Protein chains: 2
Amino acid sequence: MEQTVQPHVAALPTQGRLSDLLSVMGAESDDRRLCDACLVPIRRVRSGAALFHEGTRAESVHVVRLGTFKILRLADDGYEQVLGFAGQGEVIGFDALCNGVHPSSALALEDSTVYALPVRELESLRRRVAPLDRALQTTLSAQLASSAGIAEVMAAVASEVRLARFLLQRSARMQAAGQSPRRLRLPMSRRDIASHLGVAHETVSRSFGELAGWGYLSVDNREVEILDPQGLRSLARNTRGFVEERPTRSGLGRARLSRSNGACARTQ
Amino acid sequence: MEQTVQPHVAALPTQGRLSDLLSVMGAESDDRRLCDACLVPIRRVRSGAALFHEGTRAESVHVVRLGTFKILRLADDGYEQVLGFAGQGEVIGFDALCNGVHPSSALALEDSTVYALPVRELESLRRRVAPLDRALQTTLSAQLASSAGIAEVMAAVASEVRLARFLLQRSARMQAAGQSPRRLRLPMSRRDIASHLGVAHETVSRSFGELAGWGYLSVDNREVEILDPQGLRSLARNTRGFVEERPTRSGLGRARLSRSNGACARTQ
DNA sequence: CGATCGTTTGACGGTGCTCAATCACCGTGG
DNA sequence: CCACGGTGATTGAGCACCGTCAAACGATCG
């Protein structure tokens with residue numbers, strides 16, 4: 001399990017209150033007594049370590065308490081496909097319930113902690129605690145809805161558009177979490193982003209450079225600041241057809257030319 | 001003129017038994033009495049019509065009884081992104097529960113019928129009928145797991161690999177439904193496939209031609225027969241890097257059996 | 001039959017992938 | 001403190017696959 005003999009880990013409790021779990025999931029518990037009485041195990045996962053591996057039996061459904069995870073699958077040819085990133089309040093591993101085996105792995109991108117809901121107790125717990133049942137259903141529904149996010153980024157043809165959409169998704173999450181939507185701290189590597197966008201990792205670097213050169217972003221390694229959200233959004237619109245010239249300062253650098261007229265990409 | 005044999009409209013019941021619903025979902029109902037007593041509304045959707053539109057309020061969660069639907073989202077620029085296709089037994093519209101509004105549209109690709117579970121009764125129904133609760137959880141978990149499918153196809157760089165993976169996914173579904181995994185009847189247009197694969201629809205046509213030319217498939221408009229499943233699988237492995245030692249068009253009509261692919265005849 | 005839509009095929013230009021080299025940043029150990 | 005190896009990030013050069021535009025072909029329906 002977890003290393004209990006670590007002195008600097010002593011601050012971490014091994015159990016948390018159910019009401020706290022509901023709180024990080026964004027649900028309000030109307031029944032404090034029941035929720036406070038119920039305790040949920042807490043697991044700590046160090047940066048780089050795995051919460052679980054693809055193909056292993058699913059013991060628990062996890063809810064991120066603190067930190068970030070990347071969800072990935074290994075293709076038959078060994079390619080590591082990053083399916084998404086899970087932050088605070090998000091459910092990890094629910095996709096394993098259908099047959100009891102994890103179809104994907106979860107790796108911590110930084111030191112993180114999760115609530116672990118044992119699968120065996122899940123049904124009875126959901127039945128006993130209605131707020132948890134509702135919170136799970138809502139979160140799962142949202143997760144299904146956001147599973148279109150990877151399609152959204154990969155659907156764009158231009159790599160800068162893919163990156164722009166990805167950054168806007170991150171920004172929206174930051175805003176939903178009550179933090180600044182402009183300053184992004186990306187805990188994942190360029191290679192992880194590349195896998196998630198469906199491009200080569202060199203292309204991610206180049207796209208960061210382009211977006212920064214056009215004045216949309218300020219990039220410092222993994223610290224990104226969005227300088228022009230409106231412009232970024234308008235750039236992110238172009239699913240097909242390539243980026244048109246940037247209207248900011250006179251095209252000093254390398255403004256992309258689009259020879260076609262300005263008609264929108266309405267293909268039908 | 002006379003209605004001697006008119007199963008056209010009259011044959012469709014407006015309600016179905018809950019046990020039948022559980023049956024198409026692949027779940028066995030251990031309590032026949034309760035399930036038989038409960039009736040579920042059935043809706044008919046004609047080919048090309050919408051089950052619901054993006055942005056509308058979600059009244060029901062639907063389960064496909066017969067037919068096929070395409071699930072799509074309209075991007076800001078009007079591009080129609082096809083997120084997936086739903087066949088018999090699959091749940092449609094659960095992603096709307098989190099905020100009550102459909103984040104995507106569902107269009108029937110052929111004359112279809114669905115069970116409609118009203119959202120208001122959903123919670124009480126799940127609480128009363130345990131098999132339905134379990135079936136819903138299982139199906140949703142499977143849906144989450146299969147939402148990686150679109151990432152799987154779009155992750156490949158070569159368009160033929162994307163198409164091969166898509167066809168293999170369809171084949172797996174056919175097999176899971178107890179039908180032949182070799183003969184595929186594709187109810188969707190080339191443009192729909194193209195949007196789902198993230199390529200231009202002309203490229204889909206070309207890729208069909210390539211796969212057929214290499215002997216993997218036999219294509220007749222929307223009727224596809226998989227001639228060499230093993231070869232198709234081995235081709236589908238190449239996520240990155242273009243197909244190794246592929247017979248570049250140098251007059252070789254058929255070069256499928258030669259070289260590297262020979263070692264891939266393993267059971268999977 | 002004519003109209004509309006879907007499918008196929010062709011040609012051209014461009015963008016991103018592959019292969020490399022270089023730089024920046026660490027933690028390690030001499 | 002600096003050399004050292006390792007990882008991650010950036011930049012460059014060439015090539016070919018795919019997107020766009022265009023037109024022919026085929027199917028379905030009224």
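Note that the structure is predicted; figures quoted are calculated from it, not measured. By convention in this document, chain letters (A, B, ...) are assigned in the order of the sequence lines, proteins followed by strands, and residues within each chain are numbered from 1.
Pair check for D/dC15 finds C/dG16; Watson-Crick or G-U wobble, both atom distances under 3.5 Å. Of the nucleotides present, C/dC23 is the one that pairs with D/dG8 by Watson-Crick or G-U wobble criteria, both distances under 3.5 Å.
As rounded to whole Å, 12 Å separates atom C1' of C/dG14 from atom CD of A/E160. With rounding to whole Å, B/R191 atom CZ is found 12 Å from D/dT20 atom P. Spacing between atom NE2 of A/H201 and atom C1' of D/dT11 amounts to 11 Å, rounded to whole angstrom units. Summarising the geometry, the separation between CE on B/M154 and P on C/dC17 is reported as 15 Å, rounded to the nearest angstrom. One atom, CD1 of B/I193, and another, P of C/dT8, lie 9 Å apart when rounded to the nearest Å. Spacing between atom CG of A/N238 and atom P of C/dG14 amounts to 18 Å, rounded to whole angstrom units. Rounded to whole angstrom, the span from the CG atom of B/D192 across to the P atom of C/dG6 amounts to 9 Å. Rounded to a whole Å, the CG atom of B/L197 is 18 Å from the P atom of D/dC17.
For A/A200 and A/N221, each mapped to the nucleotide of DNA chain C holding its nearest heavy atom, the one lying further toward the 5' end belongs to A/A200.
Taking side-chain N and O atoms only, B/S205 has no distance below 4.0 Å to OP1 or OP2 of C/dT7. OP1 or OP2 of D/dT10 sits under 4.0 Å from a side-chain N or O of A/R190. Within the 4.0 Å cut-off from OP1 or OP2 of C/dT9, not a single side-chain nitrogen or oxygen of B/R206 is found. Taking only side-chain nitrogens and oxygens, A/T203 never comes nearer than 4.0 Å to OP1 or OP2 of C/dG16. OP1 or OP2 of D/dT20 has at least one side-chain nitrogen or oxygen of A/R240 nearer than 4.0 Å.
Not a single donor-acceptor contact under 3.5 angstrom links the side-chain atoms of B/R222 to the base of C/dG6.
You'll find the ring centres of A/H62 and A/F69 outside the 6.0 Å limit.
Between C/dG6, C/dC17, C/dA20, one nucleotide has an atom nearer to the side chain of A/E202 than all others, and that is C/dA20.
Listed for the B/R65 side chain is no donor-acceptor partner under 3.5 Å among the backbone atoms of B/I42.
B/S189 meets the side chain to side chain donor-acceptor pair (under 3.5 Å) test with B/D192; sequence neighbours excluded.
Nucleic acid contact class of A/V199 (heavy atoms, under 4.0 Å, all strands): sugar-phosphate only.
Taking CD of A/Q230 as the reference point, atom CG of A/D228 lies at 7.5 Å (rounded to 0.5 Å).
Annotation: cation-pi geometry not satisfied between A/R173 and A/F85 (NZ/CZ under 6.0 angstrom from ring centroid, within 45° of ring axis).
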